[in-house]
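Residue numbers count from 1 along this sequence.
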Amino acid sequence: MRVMIDACVLYPTVMREVMLGCAKAGLFEARWSECILEEWARAAGKLGPAEEVWARGEIAALGAAFPQAIVRYDAAQERAFWLPDPADIHVLTAAAVGSCDGILTMNAKDFPKDILGDAALLRWDPDGFALLLLAEAPDQVRDVAARVLDTANRLSPEPWTVRALMKKARMPRFGKALEA
């Protein structure tokens, strides 16, 4: 399954690490566009220049880890699509051009299911998508979550539980399911 990942899922870190860990495990094929990556870098830059530099380094590492993930298209192709927020049309265009099965985003209102359905695309939120992957491949997803938790605990002065970390990452149902 091919999944276009919106910038709001690539940035923040924990959500990105869970989703890309699952992609690295072969549970789905991650896709994004140059516009999506630039959106991530600009969002990080709002926290300061060092954050944008850090994000651009992460983006470069993604290119090496996922060389097939980038979807390129001619900007004129965007005219074939419509969304309530014109600033998100690039995500829909990249998903359609990239032969994706759906879009992974936190912005449900900007990607109405009826409009995505016209383009033969589904929409998933990270929490629900992680639950779907957990149901399909529990051992692999639990391994990914354990690695993300280990990293968070290594970098944080206070210890995390998986449930608390996933709740902070706006994936509370996934965190609860991992503890079950």
Side-chain angles (χ1 to χ4, degrees), residues 1-73 85 87-95 97-98 100-107 110-111 123-130 133-134 137 140-160 162 164-172 174-175 178:
M1 155 176 47
R2 283 190 186 152
V3 179
M4 182 60 56
I5 304 177
D6 197 1
C8 60
V9 176
L10 292 172
Y11 182 72
T13 303
V14 171
M15 190 181 292
R16 176 181 67 247
E17 292 302 315
V18 169
M19 293 299 117
L20 295 183
C22 289
K24 285 178 187 172
L27 303 180
F28 71 95
E29 294 178 37
R31 296 289 185 266
W32 45 74
S33 69
E34 296 284 351
C35 288
I36 289 169
L37 298 177
E38 185 60 28
E39 195 175 324
W40 167 15
R42 283 193 320 264
K46 290 178 182 177
L47 297 176
E51 294 296 323
E52 183 172 346
V53 169
W54 182 264
R56 292 193 184 280
E58 292 282 320
I59 289 166
L62 279 185
F66 295 93
Q68 303 302 319
I70 196 81
V71 173
R72 291 182 174 81
Y73 63 88
D85 183 353
D88 286 319
I89 291 174
H90 69 94
V91 178
L92 174 55
T93 305
V97 170
C100 292
D101 297 293
I103 297 173
L104 185 60
T105 184
M106 295 292 292
N107 300 325
D110 293 336
F111 295 95
R123 182 193 71 226
W124 299 285
D125 66 275
D127 198 26
F129 191 68
L133 296 176
L134 181 62
Q140 290 171 292
V141 174
R142 286 182 184 283
D143 286 347
V144 168
R147 285 193 300 275
V148 172
L149 179 62
D150 287 346
T151 300
N153 280 326
R154 225 179 22 257
L155 298 174
S156 176
E158 298 296 322
W160 287 97
V162 72
L165 183 63
M166 294 308 150
K167 182 177 180 180
K168 185 174 184 343
R170 299 185 306 175
M171 299 188 333
F174 178 58
L178 288 170

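Side-chain contact between His90 and Glu39 is present, with at least one heavy-atom pair separated by less than 4.5 Å. Looking only at side-chain heavy atoms (C-beta outward), Met15 and Met106 come within less than 4.5 Å of each other.
Residue Leu27 comes nearest to Ala137 through the heavy atom pair CD2-CB, 3.6 Å, listed as atom of the first residue, atom of the second, then distance. Heavy-atom minimum distance, Met166 versus Val18: CE-CG2, 3.7 Å.
Atom CH2 of Trp160 is surrounded by more than 12 heavy atoms from other residues, nucleotides or ligands within 6.0 Å.
A salt bridge is defined here as a Lys NZ or Arg NE, NH1 or NH2 lying under 4.0 Å from an Asp or Glu carboxylate O, and Arg147 with Glu17 fails to meet this definition. In summary, Arg56 and Glu38 engage in a salt bridge, as defined by a charged side-chain N under 4.0 Å from a carboxylate O. We find that Arg72 and Glu34 are joined by a salt bridge, their nearest charged nitrogen and carboxylate oxygen being less than 4.0 Å apart.
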### Message
Between Phe28 and Ile5, does the side-chain contact (heavy atoms from CB on, under 4.5 Å) criterion hold? Intermediate values first, please.
### Response
CA-CA 11 Å; Phe28 71 95; Ile5 304 177; 4.1 Å; yes

### Task
Applying side-chain contact (heavy atoms from CB on, under 4.5 Å), run through Trp32 and Val91 and close with a yes or a no.
CA-CA 8 Å; Trp32 45 74; Val91 178; over 6 Å; no

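Looking at Asp6, its side chain never comes within 3.5 Å of a backbone N or O of Leu104 through a donor-acceptor pair. Of the possible donor and acceptor atoms, one in the side chain of Arg16 sits under 3.5 Å from a partner among the backbone N and O of Leu10.
Phe174 and Phe129 have their aromatic ring centers separated by at least 6.0 angstrom.
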